[in-house]
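Here the structure is a predicted model, which means the values were calculated and not measured. Chain naming here is simple, since letters A, B, ... match the order of the sequence lines and numbering starts at 1 in each.
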Amino acid sequence: MSTELPPQYDPKVVEEKWYDLWAKTPLFHARPEPGKKPFSIVIPPPNVTGILHMGHALNNTIQDILIRIRRMQGEEALWMPGTDHAGIATQNVVERKIAKEGFKRHDLGREEFLKRVWQWKEEHGSTIIHQLKRIGATCDWKRERFTMDEGYSKAVVEAFVRLYEKGLIYRGDYIINWCPRCQTALADEEAPHHELDGKLYYIKYPLKKCQVPSVKCQEKHKKSADDSGEYVVVATTRPETMLGDTAVAVNPTDKRYKEFVGRTIVLPLMEREIKIIADPLIDKKFGTGAVKVTPAHDPNDYQMGKSHGLEFINIMHPDGVLNANAGDYAGMDRFEAREAIIEDLKERRLLEKIEEHKHAVGHCYRCHTIVEPYLSKQWFVKMKPLSKPALAAVKKGEIKFTPKRWTKVYLNWMEDIKDWCISRQIWWGHRLPVYYCQNCRKQAEMCQVSSVKCQEKDKKLGTCKVKLETGVIVSRTKPDKCPVCGSTALEQDPDVLDTWFSSWLWPFATFGWPFEEQKPEEKKRELDYFYPTDVLVTAPEIIFFWVARMIMAGFEFMGGKPFSDVYIHGTVRDEEGKKMSKSLGNSIDPLEIIGQYGADALRFSLIAIAASGSDIYLSQERFQQGRNFANKIWNASRFILMNVGDGVTGEGIDTRSLKVQDAWILSALNDAVKKITRSINDFKFNEAVNGAYEFFWHKFCDWYVEIAKHSIEDKNTQEVLLHVLKRSLLLLSPFMPFITDEIFSRLPAIGALPGKPGKRIETIAVCGWPQPEKQFENKSAIATMELVFACVFALRNRRAELNLLPQVPLRVRLSAGEKKIKVADAASGLIKALAGASDLEVTAEQGIVPDALSTLIEKDVHLHLFLEGLVDFEKEKARLDKQAADLARQLSSKQSMLANKEFVKKAPAAVVEKEKSRIVELKAAIERFKEVRSAFR
RNA sequence: GGGCGGUUAGUUCAGUUGGUUAGAACGCUUGAUUUACAUUCAAGAGGUCAGAGGUUCAAGUCCUCUACCGCCCACCA
């Protein structure tokens with residue numbers, strides 16, 4: 001057999017070999033297998049622009065662990081891979097690229113620009129897929145999908161058309177979040193609010209002279225500084241929007257302004273006459289209680305504009321530069337205009353004051369530009385009807401969140417769901433399947449586009465003949481002519497759909513839904529078999545973007561949930577708690593870690609750190625632990641492979657000639673198998689990986705392998721070594737697939753595994769998951785070994801304290817009570833060997849031993865170390881006194897516990913008994929200390 | 001403004017349904033070496049479990065409040 005393992009594990013060569021093999025093997029291709037239980041996960045498709053970061057590494061390692069263990073457990077495990085076209089993000093990347101050549105996208109034109117994006121996608125789009133392979137992801141690579149695939153795009157169109165036909169998609173003018181840099185509308189979720197240190201400007205709005213002057217009126221109203229007349233002070237954080245003001249509003253119950261309502265203000269700078277209106281939306285306590293109303297640039301103001309029939313004046317171009325409606329400020333950028341306006345107001349003595357003011361402002365989630373609330377015509381999905389089954393499913397527990405606390409986050413959002421703006425004014429994405437008949441729309445133009453006011457008015461009067469849908473054709477395929485008037489002058493809507501409008505279909509569209517392809521039956525069978533998927537693994541940031549919407553889409557289009565479990569893992573942060581991101585420059589590159597320590601080390605450390613669902617703080621050093629562990633696995637295996645003889649398979653243990661240590665490690669292995677399996681099922685990955693680590697290193701290597709060295713020639717010892725090694729590798733393989741596969745492939749007779757008789761095994765990933773083996777359950781072996789450990793531990797401790805080198809032989813006596821004598825006997829040989837005792841005598845005698853250091857090992861078992869005059873007695877006395885005092889303290893606490901009648905009455909009998917026997921032990925121990933101490937003269 | 005999470009050893013974190021003496025990793029101190037592995041082995045030091053109150057026979061664990069840190073959501077201009 002090949003035992004040519006180098007003394008240090010070198011991940012580079014090994015990883016290259018295996019990830020290549022895994023990428024090509026058909027073994028990870030899952031198909032409907034009648035009689036086999038399906039298990040499926042769809043990958044959160046990374047953006048095509050994506051470069052693997054720690055978040056991806058964690059996310060995909062978790063999925064890979066789940067897939068690997070289920071596959072090993074004999075389920076038909078499918079991990080569906082793919083990438084997301086990431087509309088805005090990708091468009092931005094390509095725009096930046098062509099900017100270097102001196103172009104803007106409009107210079108190239110839509111078609112040419114899209115050609116460039118596709119070209120970019122072909123060149124760079126699979127970077128992240130390669131990187132996933134490098135961390136060992138065993139996806140079903142044959143099935144890789146892309147959200148702009150031809151088939152997938154059909155699914156997107158299908159979803160749009162179905163919703164439109166159900167009346168769940170509509171178009172209209174609303175205030176949406178507008179990113180002036182990306183120049184597109186954004187959904188609410190795409191414009192997260194961040195708190196900024198802003199300013200609150202108090203501006204005087206002069207009233208037009210009282211038409212009907214009254215004494216009362218004049219008395220009440222303040223005079224401005226220059227005494228030129230009455231005014232109202234409004235407070236705003238965005239003074240530039242005043243150019244579009246069409247009213248000032250106060251609360252109807254506000255006594256301060258009672259007299260003002262209905263009066264006219266002359267809007268400064270624009271010199272436009274606007275009314276003072278009363279609206280309950282206004283908070284009397286904020287600012288001055290009077291608010292400027294800009295219906296085209298603020299959601300609240302928009303509401304008021306609607307209800308009060310105000311004019312909507314858009315003062316801004318899509319790029320944030322003020323337009324002709326802004327008068328003298330036209331051509332200025334919005335923030336530039338803010339400064340200019342403030343200067344002008346100051347000059348006119350219309351600026352009362354400026355206050356520091358913290359407020360939350362929406363930012364574009366792609367480019368972090370401050371978004372502008374902007375009035376425009378967009379497409380929306382009505383979400384309320386979709387949310388109903390999605391709410392019910394989670395409430396009923398049909399879909400479970402882990403950790404549980406995210407359930408509430410989901411429910412809160414879902415209960416308060418707002419309509420979803422899905423149109424984007426960019427080019428990269430799925431174009432809306434909406435066509436406009438130029439002919440039909442000609443007449444509609446006037447009414448629909450020219451002014452909102454017209455629409456509103458006509459609607460009220462019921463005179464508007466033009467329905468919103470006039471000239472709008474929504475169709476799965478491009479129509480030849482208008483179904484109403486027959487005109488061929490059709491134009492497709494230039495907008496594309498929100499990226500998330502395609503990804504919300506991911507759990508079923510990846511299977512070919514809605515099945516218009518070549519072999520629909522076969523595809524459909526696959527969907528029937530694998531849908532609903534089992535677990536969705538993701539980060540909390542995208543619960544709203546993606547998870548919630550997938551649930552809604554699942555019920556809407558498939559009539560059932562898309563997955564049963566949602567596992568939310570933590571966000572990867574740096575040592576200071578900041579989210580790791582490229583823009584912050586604080587990211588640790590997983591590929592660098594792979595280069596430095598290996599992919600297994602990366603996976604191991606990430607999982608070991610990641611407690612269920614809490615955020616993960618990373619630093620470089622954490623990965624050393626993983627590397628060290630890999631090296632330990634390597635060397636333990638190397639040692640075993642060097643020592644097992646021909647014909648040893650690991651499956652030929654002679655149970656009749658098991659030594660106590662053999663029985664112990666086999667029983668401990670069973671415990672490890674149970675524990676690790678349970679932990680993974682409970683999504684406690686850190687617990688699972690730490691359990692595997694603890695078992696392999698600190699039980700198997702530190703104790704069993706060390707003991708086995710004493711009987712390494714023994715064939716049964718070799719069998720046990722190999723038996724445990726094999727199963728350990730299997731247990732470790734979901735976490736550290738590369739090294740385990742490499743070693744496994746070098747084991748002798750690996751075919752002789754339970755369930756795989758004689759079959760050549762291509763990878764450990766398709767072997768069976770270890771089961772507890774009942775014949776190896778052995779409590780008494782565990783008890784005996786625990787005694788061994790305690791004695792060896794005590795003697796090593798003594799050696800260190802007494803400065804006795806390992807070579808110095810120790811003379812030891814083990815005295816055990818009647819019940820323990822057998823165990824002590826069984827343990828004695830190992831204690832002797834492991835603690836370097838030259839002489840060990842086991843006795844039932846319980847008396848004190850003169851000139852010996854005695855230790856209570858467990859109840860009724862004492863260990864005596866003969867001192868032979870090597871000891872500093874004063875030091876020993878002090879030590880004994882300290883220990884005795886410790887015990888005395890414990891004893892008195894126990895005694896007062898038992899003296900408490902309530903405790904004896906109410907605590908379970910077992911607990912009380914335990915305490916009682918503990919008291920007996922403590923008393924005996926204290927007695928013993930006294931005796932030993934007195935033995936020191 | 002609402003909600004959620006955190007506060008345990010020098011550091012980063014575990015700690016199951018409340019039940020003996022609160023664990024690990026890293027770091028630190030001391031010691032080992034003709035070795036499977038120095039990416040090793042052995043031993044040690046180090047904790048009033050953020051603070052206060054409460055429930056209980058019993059609290060790191062349950063409840064209330066406070067402080068600090070972090071996150072998410074929200075149309076107070």
Proximal nucleotide (of B/A74, B/A36, B/C41) relative to the A/V705 side chain: B/A36
Just checking A/F401 against A/W406, ring centres under 6.0 Å apart? no
Which nucleotide in the set B/A77, B/C41, B/A36 lies at the smallest distance from any side-chain heavy atom of A/D283? B/A77
Counting the atoms with a prime plus P, OP1 and OP2 as sugar-phosphate, which does A/Y597 contact under 4.0 Å by heavy atoms, base, sugar-phosphate, or nothing? nothing
A/F544 has a side chain; which of B/C72, B/A77, B/A36 sits nearest to it? B/C72
Quantified in whole Å, what is the P atom distance between nucleotide B/G6 and nucleotide B/U64? 14 Å
Which part of the nucleic acid does A/I282 contact within heavy-atom distance under 4.0 Å: base, sugar-phosphate only, or nothing? base
Checking A/K675 against A/F695: charged group under 6.0 Å from the ring centre and within 45 degrees of the axis? no
In this structure, how many angstroms lie between the P atom of B/A77 and the CG atom of A/L196, rounded? 12 Å
What is the nucleic acid contact for A/N690, judged by heavy atoms within less than 4.0 Å: base, sugar-phosphate only, or nothing? nothing
Those residues that, when tested against A/K408, pass side chain to side chain donor-acceptor pair (under 3.5 Å) (two or more places apart): none
Side chain proximity check, A/I739 to A/P11, heavy atoms < 4.5 angstrom: no
When A/F629, A/F735, A/F623 are each screened for ring pair (Phe, Tyr, Trp, His ring centres under 6.0 Å) with A/F604, the one that passes is A/F629
State yes or no: are the ring centers of A/F700 and A/F696 separated by less than 6.0 Å? yes
Of B/C41, B/A36, B/A77, the nucleotide closest to the side chain of A/A636 is B/A36
Would you indicate, yes or no, if B/C4 has its OP1 or OP2 atom less than 4.0 angstrom from a side-chain nitrogen or oxygen of A/K408? yes
Send over the distance from A/W697 CH2 to B/U39 P, rounded to a whole Å. 11 Å
Take atom NZ of A/K675 and atom P of B/A14, then tell me their distance rounded to the nearest Å. 15 Å
With a non-hydrogen cut-off below 4.0 angstrom, is A/N900 in contact with a base, only sugar-phosphate, or nothing? sugar-phosphate
Taking atom P in both B/G18 and B/C62, compute the distance separating them and give it to the nearest angstrom. 8 Å
Taking atom types as modelled, is there a side-chain donor on A/K292 or A/T294 under 3.5 Å from an acceptor on the other? yes
If we take the C1' atom in both B/U48 and B/A59, what is their distance in whole Å? 14 Å
Check every strand shown and say whether A/A630 touches a base, only sugar-phosphate, or nothing at a heavy-atom separation below 4.0 Å. nothing
Roughly how far apart, to the nearest Å, are B/C26 and B/U39 at atom C1'? 14 Å
Roughly how far apart, to the nearest Å, are B/U29 and B/A45 at atom P? 16 Å
Go through A/R334 and A/E372 one step at a time and tell me if the salt bridge (Lys or Arg N to Asp or Glu O under 4.0 Å) criterion holds. CA-CA 10 Å; A/R334 51 187 173 150; A/E372 199 62 30; 2.6 Å; yes
Before accepting this row, confirm whether a basic side-chain N of the pair A/D254/A/R256 lies closer than 4.0 Å to the acidic partner's carboxylate O. yes
Please check: side-chain N/O of A/R799 versus main-chain N/O of A/L805, any donor-acceptor pairing under 3.5 Å? yes
Under 3.5 Å, side chain of A/E356 to main-chain N/O of A/D197, donor-acceptor pair present? no
Which dot-bracket notation, 5' to 3', represents the base pairing of RNA chain B when pairs are defined as Watson-Crick or G-U with both distances under 3.5 Å, crossing pairs as [ ], and inter-strand pairs as |? (((((((..((((.....[...)))).((((((....).))))).....(((((..]....))))))))))))....
Would a line drawn from the ring center of A/Y365 to the ring center of A/H193 be shorter than 6.0 Å? no
On RNA chain B, nearest-nucleotide positions of A/V904 versus A/Q8: which is more 5'? A/Q8
Backbone of A/N686 reached by a side-chain donor or acceptor of A/N690 within 3.5 Å: yes
Pairwise C1' distance for B/G15 and B/A74, with rounding to whole Å: 36 Å
Which part of the nucleic acid, if any, lies within contact of A/E706, taking any heavy atom under 4.0 Å across all strands shown: a base, the sugar-phosphate backbone alone, or nothing? base
Please report the distance separating the C1' of B/A25 from the corresponding atom of B/A9, rounded so that it comes out in whole Å. 12 Å
Please check the phosphate of B/C41 (OP1 and OP2 only) for any side-chain N or O of A/K632 closer than 4.0 Å. yes
With A/E915, which residues qualify under salt bridge (Lys or Arg N to Asp or Glu O under 4.0 Å), at least two apart? A/K894
A/L411 CG to B/C73 C1', in whole Å, measures 15 Å
Nucleotides 17-20 of chain B: which of its N/O atoms have a protein N/O under 3.5 Å away?
unit_1	atom_1	unit_2	atom_2	d
B/U20	O3'	A/K894	NZ	3.0

Would you classify A/R796 as touching base, sugar-phosphate or nothing, given that sugar-phosphate means primed atoms plus P, OP1 and OP2, and contacts are heavy atoms under 4.0 Å? sugar-phosphate
Nearest whole angstrom, please: distance from the P of B/C4 to the NZ of A/K404. 15 Å
Identify, with sequence neighbours excluded, every residue that meets salt bridge (Lys or Arg N to Asp or Glu O under 4.0 Å) alongside A/K284. none
Whole angstroms only, please: what is the CE-C1' distance between A/M642 and B/A36? 6 Å
Euclidean distance, atom NZ of residue A/K358 to atom C1' of B/A74 [Å, nearest integer]: 17 Å
Rounded off to whole Å, could you give me the CZ-to-C1' distance for the A/F685 and B/A14 pair? 17 Å
Find every protein N or O atom lying less than 3.5 Å from an N or O atom of nucleotides 23-29 of chain B, and list the pairs.
unit_1	atom_1	unit_2	atom_2	d
B/A25	O2'	A/Q625	OE1	3.3

What interatomic distance, in whole Å, is found between C1' of B/A22 and the corresponding atom of B/C13? 14 Å
Could you check which of B/A74, B/A43, B/U39 has an atom nearest any side-chain atom of A/A800? B/A43
Ignoring backbone atoms, establish whether A/H357 has a side-chain N or O less than 4.0 Å from OP1 or OP2 of B/A77. yes
Less than 4.0 angstrom between a side-chain N/O of A/K285 and OP1 or OP2 of B/C76, yes or no? no
Per nearest nucleotide of RNA chain B, the residue lying toward the 5' end, A/T237 or A/A191, is A/A191
Check whether any side-chain N or O of A/N797 sits under 4.0 Å from OP1 or OP2 of B/G44, and answer yes or no. yes
